Visitor: 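The structure is given below, and queries will be raised subsequently.
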Amino acid sequence: MDNKHLPAADRLLHWYDRHHRHLPWRISPAAARRGAHPDPYHIWMSEVMLQQTTVAAVKAYFAKFTERWPSVMDLAAAPTEDVMAAWAGLGYYARARNLKKCAEAVAFEHGGIFPDTEAGLRALPGIGDYTAAAVAAIAFNRQAAVMDGNVERVISRLYAIDAPLPGSKPLMKARVAELTPADRPGDFAQAMMDLGATICTPKRPTCALCPFNALCVALATDEPERFPVKAPKKAKPIRLGAAFIAVDREGRILLRKRVESGLLGGMTEVPTTGWTARADGVTDISAAPFAADWQPAGSISHVFTHFELRLSIFRVGPIDPPPDHHGFWVPVTELDGQALPTVMKKAIAAAIPTAFPTSNR
DNA sequence: CACACGTGGGA
DNA sequence: TTCCCAAGTGT
């Protein structure tokens, strides 16, 4: 049947019923149409994990978290250190700290029940405009305008919006609100994101298969890949430093806990110098955790969001632990239980190649 | 409003 | 290799 006359939302939902992705935290659109709701705990956790993170990377973490902490009450009762260690490797560690805070707020201030409105959700730690709308729409079928990076791409092409992000966000949000149906807002939100992830992709979109192709202004008048227009990005500076891998006679490595705020906040680290912006190549080992016969053990490079870090690695041991230092000693065979971010695993692996036998390279 | 804040994968 | 990202939030 010719459905060109259908409103945009109906075209999208028709496409979604046939081509939706199957994801562990979802229920099927067929079940949703029968009035079923997904577990708000699962939707919330998946949305937080998916912030700036790929579906492929999230799947294993989602399985691990929901198996270990099946309910928000379980997560609220968990030691923060366990949550940080379980999150290690996923990045943006403020999300893990706020995940725990949010679980505590839901457990102890809301009786273990997630708020079912956008405003109620928005007041919780780690839940911003996007996540509040997404959980309200997907978990509670509220008519909330859900806009993430996928939706921005779809909308900017559908209307050929020339104004650059992020300034054009309010305009695009208004367009999303116009399109969002009262009937199936949760499926509509997931459909927009599936469309952006599988059809309306950043490069080489598959417009021939798009339910919006007859409506898309960018496709009709321009080059869809040109949208969304974004402000130019800044160059990434390089910072230098040194990391110190000390091993004692019992095969333990010296670790420290980073301060709660800022980069890698609350995570575990090996002792390092400060990370300076100087580019003279001088390595300052005077900041070693203690005086010892530190031996060069190569170097690593790691790219953060806003700078690249190059660390010279130094190693010493087996030694007797000196009495005067702060930190704690952990067997090299038990590092998996530590909240070690990827950059720290790289530093350790450079000095002790056998430290992480399961990882590649 | 601009910037801080991780990581691994694809082109 | 280099660049660009991928379901943003907090300050």
Side-chain angles (χ1 to χ4, degrees), chain A residues 21 23-26 42-62 84 87-99 101-102 121-139 144-154 164-170 173 176 186 189-198 200-204 225 228 230-237 239 258-267 269 275 301-309 339-346 359-361:
Chain A
R21 287 181 293 175
L23 300 172
W25 43 88
R26 281 186 176 176
H42 288 178
I43 298 302
W44 162 71
M45 180 162 296
S46 67
E47 290 300 342
V48 173
M49 288 182 169
L50 286 162
Q51 291 166 7
Q52 299 290 287
T53 308
T54 57
V55 168
V58 163
K59 281 183 175 175
Y61 284 84
F62 178 82
M84 301 306 290
W87 194 278
L90 198 55
Y92 283 141
Y93 298 100
R95 293 185 296 171
R97 285 179 263 132
N98 286 329
L99 189 83
K101 288 179 190 168
C102 184
L121 290 158
R122 182 66 178 82
L124 293 167
I127 297 187
D129 289 341
Y130 162 74
T131 303
V135 175
I138 298 169
V146 178
M147 189 172 74
D148 71 331
N150 286 306
V151 179
E152 287 170 0
R153 190 165 55 253
V154 173
L165 285 168
S168 54
K169 270 192 172 189
K173 183 81 171 277
V176 176
Q190 294 174 98
M192 287 287 279
M193 293 189 279
D194 279 15
L195 188 70
T198 64
C200 195
T201 48
K203 306 294 182 191
R204 299 176 61 84
E225 267 191 38
K230 295 181 179 179
K233 68 182 65 174
K234 303 168 60 175
K236 221 168 261 198
R239 298 186 194 175
R258 293 175 64 85
V259 296
E260 291 297 328
S261 64
L263 187 71
L264 310 178
M267 300 296 284
E269 66 173 1
W275 303 347
S301 176
H302 189 77
V303 180
F304 292 100
T305 305
H306 54 295
F307 66 93
E308 176 184 344
L309 177 65
L340 285 168
T342 298
V343 62
M344 296 301 162
K345 288 189 175 181
K346 280 189 191 176
S359 64
N360 299 323
R361 255 191 310 265

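No hydrogens, no waters, no symmetry mates; every other heavy atom, side chains included, goes into these values. As the structure is a prediction and not an experimental result, all values here were calculated from the model. All chains are named by letter (A, B, ...) in the order of the sequence lines, taking the proteins before the strands, and each is independently numbered beginning at 1.
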Visitor: Which of the following nucleotides, B/dG6, C/dA6, C/dG8, is nearest to the side chain of A/Y130?
Guide: C/dG8

Visitor: Counting side-chain heavy atoms from C-beta on, which of B/dT7, C/dG10, B/dC5 comes nearest to A/N98?
Guide: C/dG10

Visitor: Heavy atoms under 4.0 Å, any strand shown: does A/K203 hit a base, just sugar-phosphate, or nothing?
Guide: nothing

Visitor: Counting heavy atoms from C-beta on, name the nucleotide in C/dA6, B/dC5, B/dT7 closest to the side chain of A/V343.
Guide: B/dT7

Visitor: What is the nucleic acid contact for A/K230, judged by heavy atoms within less than 4.0 Å: base, sugar-phosphate only, or nothing?
Guide: sugar-phosphate

Visitor: Can you confirm whether or not the ring centre of A/F304 sits under 6.0 Å from the ring centre of A/H302?
Guide: yes

Visitor: Look at all strands and tell whether A/V146 reaches a base, only sugar-phosphate, or nothing, counting heavy atoms closer than 4.0 Å.
Guide: nothing

Visitor: Compare the minimum distances between each of B/dC3, B/dT7, C/dA6 and the side chain of A/K234, then state the nucleotide with the smallest one.
Guide: B/dC3

Visitor: Base, sugar-phosphate, or nothing for A/R204, non-hydrogen atoms under 4.0 angstrom?
Guide: nothing

Visitor: C/dA6 P sits how many Å from A/L90 CG, rounded?
Guide: 17 Å

Visitor: Check salt bridge (Lys or Arg N to Asp or Glu O under 4.0 Å) between A/E225 and all other residues, then give those that pass, not counting sequence neighbours.
Guide: none

Visitor: Pick base, sugar-phosphate or nothing for A/W25, based on heavy-atom distances below 4.0 Å to the nucleic acid.
Guide: base

Visitor: Base, sugar-phosphate, or nothing: which does A/L309 touch, judged by heavy atoms less than 4.0 Å apart?
Guide: nothing

Visitor: With heavy atoms under 4.0 Å as the rule, sort A/P166 into base, sugar-phosphate or nothing.
Guide: nothing

Visitor: P atom, B/dG6 versus C/dT11: distance in rounded Å?
Guide: 14 Å

Visitor: When the P atoms of B/dC5 and C/dA6 are compared, how many Å lie between them, rounded to an integer?
Guide: 23 Å

Visitor: Describe the nucleic acid contact of A/G89 in one word from base, sugar-phosphate, nothing, applying a heavy-atom distance below 4.0 Å.
Guide: sugar-phosphate

Visitor: Output a table of donor-acceptor pairs, distance under 3.5 Å, between side-chain atoms of residues 125-133 of chain A and any protein atom two or more places apart or on a different chain; print 'none' if there are none.
Guide:
from, atom 1, to, atom 2, distance (Å)
A/D129, OD1, A/R122, NE, 2.8
A/Y130, OH, A/E47, OE1, 2.6
A/T131, OG1, A/Q51, NE2, 3.0

Visitor: Pick the closest DNA chain C nucleotide for A/I127 and for A/I138 by heavy atoms, then say which residue is nearer the 5' end.
Guide: A/I138

Visitor: Rounded to the nearest Å, what distance is computed from the CZ atom of residue A/R239 to the P atom of nucleotide B/dG6?
Guide: 12 Å

Visitor: Any salt bridge linking A/R258 with A/E269? Criterion: basic side-chain nitrogen under 4.0 Å from a carboxylate oxygen.
Guide: yes

Visitor: Which residues satisfy the side chain to side chain donor-acceptor pair (under 3.5 Å) test with A/E260, sequence neighbours excluded?
Guide: A/K257

Visitor: Look up atom CE in A/M193 and atom CZ in A/R153, then write down how far apart they are to the nearest 0.5 Å.
Guide: 12.0 Å

Visitor: From the list C/dT9, C/dG10, B/dG6, which nucleotide is the closest neighbour of the side chain of A/T131?
Guide: C/dT9

Visitor: A/K233 has an atom NZ; how far is it from atom C1' of B/dC3, in whole Å?
Guide: 15 Å

Visitor: Find the distance A/K236:NZ to B/dC3:P and express it as a whole number of Å.
Guide: 14 Å

Visitor: Report the residues that fulfil side chain to side chain donor-acceptor pair (under 3.5 Å) with A/R26, sequence neighbours left out, ordered by chain and then residue number.
Guide: A/Q190, A/D194

Visitor: Counting only distance, no hydrogens or angles, is the base of B/dG6 paired donor-acceptor with the side chain of A/Y92 under 3.5 Å?
Guide: yes

Visitor: Short of 4.0 Å, heavy atom to strand atom, which residues of residues 48-57 of chain A count as contacting DNA chain B?
Guide: A/Q52, A/T53

Visitor: Ignoring the backbone of A/D148, work out which of C/dG8, B/dG6, C/dG10 is nearest its side chain.
Guide: C/dG8

Visitor: Heavy atoms only, 4.0 Å cut-off, all strands: where does A/G262 land among base, sugar-phosphate and nothing?
Guide: sugar-phosphate

Visitor: Would you please name every residue forming a side chain to side chain donor-acceptor pair (under 3.5 Å) with A/H42, sequence neighbours left out?
Guide: none

